[in-house]
Peer 1: 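Before I ask anything, let me first share the structure, which is written out below as structure tokens.
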Amino acid sequence: MEVVVGDITTLNVDALVNAANTSLLGGGGVDGAIHRAAGPELKEECRALNGCATGDAKITRGCRLRAKHVIHAVGPVWHGGSHGEDELLASCYASAIGLCAEHRLASIAFPAISNGVYHFPGDRAAGIAVATTVEALQTAPTLKRVIFCCFSDASAALHEQAMAGFGTSCAD
Ligand code: APR
């Protein structure tokens with residue numbers, strides 16, 4: 001597992017995870033960046049998926065992206081923490097890794113799901129992201145590389161702190 005700071009659309013991995021919304025028809029933030037880089041075919045493929053529930057994830061081709069696939073995960077909007085937000089965020093990471101196992105993918109890159117306009121607290125989200133990923137990796141033997149692609153040094157530091165808590169260095 002590793003943490004990088006940069007634009008997730010530039011990564012050459014088997015699957016990029018998109019922080020999508022339930023319509024799967026695009027938006028701002030990383031959703032907008034991925035759709036812009038992937039081209040209009042991505043939206044057409046997403047349209048055929050008929051949306052996605054919060055906490056769930058669906059997979060498409062990567063279209064014009066370097067990545068082979070996009071895994072569209074729908075994170076929870078933060079409403080103070082007593083509306084199942086932690087479980088729904090964890091479910092995004094577990095569902096995405098489950099799709100990697102199903103499609104026998106070797107590498108995946110995650111943005112900080114729900115950390116933008118969905119206002120999930122960054123430190124809490126990073127802890128959930130790392131803990132859920134470490135656990136879910138046991139069910140995805142083909143997955144050899146997990147990248148947390150953060151968009152700021154602060155976000156990256158939170159993910160590195162969470163990994164340190166698991167005794168997982170960047171080399172793991
Ligand atoms: N690469 C990597 N990370 C990015 C990029 C990028 N190109 N652009 C933004 N981010 C980061 C943000 O800084 C934030 O840390 O992704 C994280 C998630 O932020 P959002 O994209 O706002 O996603 P989220 O908070 O999950 O809200 C999802 O926003 O764009 C809409 O359609 C989307 O309705 C959905 C909602």
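Numbering of ligands and ligand atoms starts at 1, following listing order.
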Peer 1: Where do Asp86 and Phe120 land on the side chain to side chain contact (heavy atoms under 4.5 Å, CB included) test, with the steps shown first?
Peer 2: CA-CA 9 Å; Asp86 289 1; Phe120 205 111; 3.3 Å; yes
Peer 1: Test Thr54 against every option in Asn21, Thr22, Leu89 by the side-chain contact (heavy atoms from CB on, under 4.5 Å) rule and name the one that passes.
Peer 2: Thr22
Peer 1: Write out each pair where an N or O from ligand 1 and one from the protein are under 3.5 Å apart, with the distance.
Peer 2:
residue: ligand 1; atom: 1 (N); partner: Ile8; partner atom: N; Å: 3.0
residue: ligand 1; atom: 7 (N); partner: Asp7; partner atom: OD1; Å: 3.1
residue: ligand 1; atom: 19 (O); partner: Gly116; partner atom: N; Å: 3.3
residue: ligand 1; atom: 21 (O); partner: Val30; partner atom: N; Å: 2.8
residue: ligand 1; atom: 22 (O); partner: Val117; partner atom: N; Å: 3.0
residue: ligand 1; atom: 25 (O); partner: Gly116; partner atom: N; Å: 2.7
residue: ligand 1; atom: 25 (O); partner: Val117; partner atom: N; Å: 3.2
residue: ligand 1; atom: 25 (O); partner: Tyr118; partner atom: N; Å: 3.1
residue: ligand 1; atom: 26 (O); partner: Ser114; partner atom: N; Å: 2.8
residue: ligand 1; atom: 30 (O); partner: Gly28; partner atom: N; Å: 2.9
residue: ligand 1; atom: 30 (O); partner: Gly28; partner atom: O; Å: 2.8
residue: ligand 1; atom: 32 (O); partner: Asn21; partner atom: ND2; Å: 2.8
residue: ligand 1; atom: 32 (O); partner: Asp31; partner atom: OD2; Å: 2.7
residue: ligand 1; atom: 34 (O); partner: Asn21; partner atom: ND2; Å: 3.4
residue: ligand 1; atom: 34 (O); partner: Tyr118; partner atom: OH; Å: 3.1

Peer 1: With Leu24 as reference, evaluate Thr60, Leu49, Asn50 under the side-chain contact (heavy atoms from CB on, under 4.5 Å) test and give the passing residue.
Peer 2: Leu49
Peer 1: Should Tyr93 and Val74 be counted in the same cluster of Ile, Leu, Val, Met, Phe, Trp and Tyr side chains packed under 4.5 Å apart?
Peer 2: no
Peer 1: State, with a plain yes or no, whether a side-chain heavy atom of Cys63 is found less than 4.5 Å away from one of Glu41.
Peer 2: yes
Peer 1: Rounded to the nearest 0.5 Å, what separates atom CG in Asp7 from atom CZ in Phe151?
Peer 2: 5.5 Å
